[in-house]
Asks: 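This is the structure I have questions about; it appears just below.
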Number of protein chains: 2
Amino acid sequence: MAKIKRNRNGTRKDVIIAKAAKLFREKGFSATSMRDLAEHVGVEAASLYNHISSKAEILQEICFKTANNFMSHIEEVDANPNKTAIEKIQEILRFHIKQMLDNYEEVYVSDREWKHLTDPYLSNMQSQRRAYRQRIASVIEEGIRKGEIKPIDAPTAVLIMLHAVSGIESWHRSKKKIAGEVLEDNMVQILVDGLRKQA
Amino acid sequence: MAKIKRNRNGTRKDVIIAKAAKLFREKGFSATSMRDLAEHVGVEAASLYNHISSKAEILQEICFKTANNFMSHIEEVDANPNKTAIEKIQEILRFHIKQMLDNYEEVYVSDREWKHLTDPYLSNMQSQRRAYRQRIASVIEEGIRKGEIKPIDAPTAVLIMLHAVSGIESWHRSKKKIAGEVLEDNMVQILVDGLRKQA
DNA sequence: AAATCACGCTAACAATTGTTAGCATTTTAT
DNA sequence: ATAAAATGCTAACAATTGTTAGCGTGATTT
């Protein structure tokens, strides 16, 4: 009756999902109530259901949109046969970092809260994640074969890369932030060439 | 009346906290109900309150026990003036990895769920975490000054280290696990010397 | 043997949860 | 202008939440 919902460019559903991503990041999926979300959207809880069909659906949209985003990128990178493995890894890393800077809320939520998906979607997400990690591992193994990369355990390297990137969360919370590009360069350098000087 | 709670060596409270840590890791703090926990302990929900005073207290015990554990270790490491910065970093890393292997549930929960602490404890935990990261950053900066470590942004390096280690979660979930010591060596090598061969 | 304590149970509470029904109003299309 | 669609509201629902009260039984202490 009184309040109206704003929408810049995109549907009202998009507004709801964006606010939800923010809350899910701050408090977690389970600890965020629909009334909580409604309040931040500026509407009563019941009104949300004119735009979404359930709380679960919101999480699904966030998770799968993000997952597809990463999956298309790695396919694009991996399709190019003229890049070295190290170059591919660097591109993947930089893409992750940029995503973590630009779409922070959704990327973070999709990484931390996907466990709360329910079962058709949960299994789907699990295999997507597995497939994604496997693709990166293959790039690393290719690099090992060609002598560009140290002979380390590829799954372990993937694990380090992906989780290191998700640590950008604490960069966001930090008071004295360095610039995003500096962060990116630092992270890539540390992961590719390590902490130790000279070697 | 009928059921009895077991206890190997440690109080019944310890049993409850251990089971809680497992559930908090699997489903998150908010998504774990006291009835859920009670069922896994083999008792009715109300009976838990003979041993703990609230759900919040369980999380507090898990988080602060773990935090103190890490804090004492870094103090011990840092007190030794004969170690190089790289050696200190390696020791800290190896301690984190070992903790993640041996006390998986509690370390993981303490890292992911501390946000659900409430306010006297929440602020306390926030400053403890800040202080801990700051100590590691100081070690790195010392290493940079002495020329052992590349001149990178120390907070970024800390962020990478700590989050890389927390990725051991996916090692736990993995089917074909490499041995714990191999994992440890791989992780330390990658973080200290990077992925790239030779340099 | 008596008294105390530890610890389990059932029942119940107030609050909060996600969600639906039904109705009113505004916006869009005809 | 009128019909249709979109979107908001209030009220209510059943289920679940953390937690307390009160009672009983078995073990431990005196």
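Reminder, nothing fancy here: chain letters follow the sequence lines and each chain counts from 1.
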Asks: Return the nearest nucleotide to the side chain of B:S47; candidates are C:dG8, D:dC9, C:dG18.
Replies: C:dG8

Asks: Using the ring pair (Phe, Tyr, Trp, His ring centres under 6.0 Å) criterion, which residues pair with B:F24? Sequence neighbours excluded.
Replies: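 Result, ring pair (Phe, Tyr, Trp, His ring centres under 6.0 Å) vs B:F24: B:F29.
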
Asks: Taking only residues two or more places apart in sequence, or in another chain, which ones meet B:H96 in a ring pair (Phe, Tyr, Trp, His ring centres under 6.0 Å)?
Replies: B:F70, B:Y132

Asks: For DNA chain C, determine which residues of residues 53-61 of chain A have any heavy atom closer than 4.0 angstrom to one of its atoms, and list them numerically.
Replies: A:S54, A:K55

Asks: Within this structure, what is the NZ-to-C1' distance between B:K13 and C:dC7, rounded to whole angstrom?
Replies: 15 Å

Asks: How many Å lie between CD1 on B:I52 and P on D:dT19, as a whole number?
Replies: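 After rounding, the reported distance stands at 7 Å.
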
Asks: Under the salt bridge (charged side-chain N to carboxylate O under 4.0 Å, His left out) rule, what pairs show up with a residue in residues 62-71 of chain B, not counting sequence neighbours?
Replies: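 Qualifying pairs, neighbours excluded: B:K65-B:E106.
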
Asks: Filter on salt bridge (charged side-chain N to carboxylate O under 4.0 Å, His left out), then keep only pairs touching residues 171-181 of chain A, sequence neighbours left out; what's left?
Replies: A:E169-A:R173

Asks: For B:S110, what residues pass the side chain to side chain donor-acceptor pair (under 3.5 Å) criterion, not counting sequence neighbours?
Replies: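 Counting only residues at least two positions away or on another chain, B:S110 forms no side chain to side chain donor-acceptor pair (under 3.5 Å).
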
Asks: Just to verify, what does B:Q189 make a side chain to side chain donor-acceptor pair (under 3.5 Å) with, not counting sequence neighbours?
Replies: none

Asks: Once salt bridge (Lys or Arg N to Asp or Glu O under 4.0 Å) is applied, do any residues pair with B:E142, and if so which ones, sequence neighbours excluded?
Replies: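 With neighbours one apart ignored, the set is B:K88, B:K146.
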
Asks: Within residues 25-37 of chain A, find the residues that approach DNA chain D with a heavy atom at under 4.0 Å, and present them sorted by residue number.
Replies: A:R35

Asks: Among D:dA21, C:dT20, D:dC9, find the nucleotide with the atom closest to the side chain of A:Y49.
Replies: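 Taking heavy atoms from C-beta onward, the closest nucleotide is C:dT20.
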
Asks: Can you give me the N/O atom pairs linking the protein to nucleotides 3-6 of chain C at distances under 3.5 Å, or say none if there are none?
Replies:
none

Asks: Using whole Å, what does the distance between atom P of nucleotide C:dT17 and atom CD of A:E39 come to?
Replies: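 One finds 11 Å between P of C:dT17 and CD of A:E39, rounded.
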
Asks: Between atom CG in A:L48 and atom P in C:dT20, what is the gap in whole Å?
Replies: 13 Å

Asks: May I have the distance from B:N50 (atom CG) to D:dT20 (atom C1'), rounded to whole angstrom?
Replies: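 Going from CG in B:N50 over to C1' in D:dT20 covers 12 Å.
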
Asks: Please identify each residue that fulfils side chain to side chain donor-acceptor pair (under 3.5 Å) with B:S123, with sequence neighbours left out.
Replies: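 With sequence neighbours excluded, B:S123 shows a side chain to side chain donor-acceptor pair (under 3.5 Å) to B:D119, given in chain and number order.
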
Asks: Any salt bridge between B:R35 and B:E44, counting N to O under 4.0 Å?
Replies: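 Between B:E44 and B:R35 there is no salt bridge, as every charged N stays at least 4.0 Å from the carboxylate O atoms.
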
Asks: Rounded to the nearest Å, what distance is computed from the CD atom of residue A:E44 to the P atom of nucleotide D:dC9?
Replies: 5 Å

Asks: Can you tell me which residue pairs pass the ring pair (Phe, Tyr, Trp, His ring centres under 6.0 Å) test with a partner in residues 160-182 of chain A, sequence neighbours excluded?
Replies: A:Y104-A:H172

Asks: Where does the angle between the aromatic ring planes of B:H73 and B:F95 fall among parallel (under 30°), tilted (30 to 60°) and perpendicular (over 60°)?
Replies: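 It falls in the parallel class, under 30°.
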
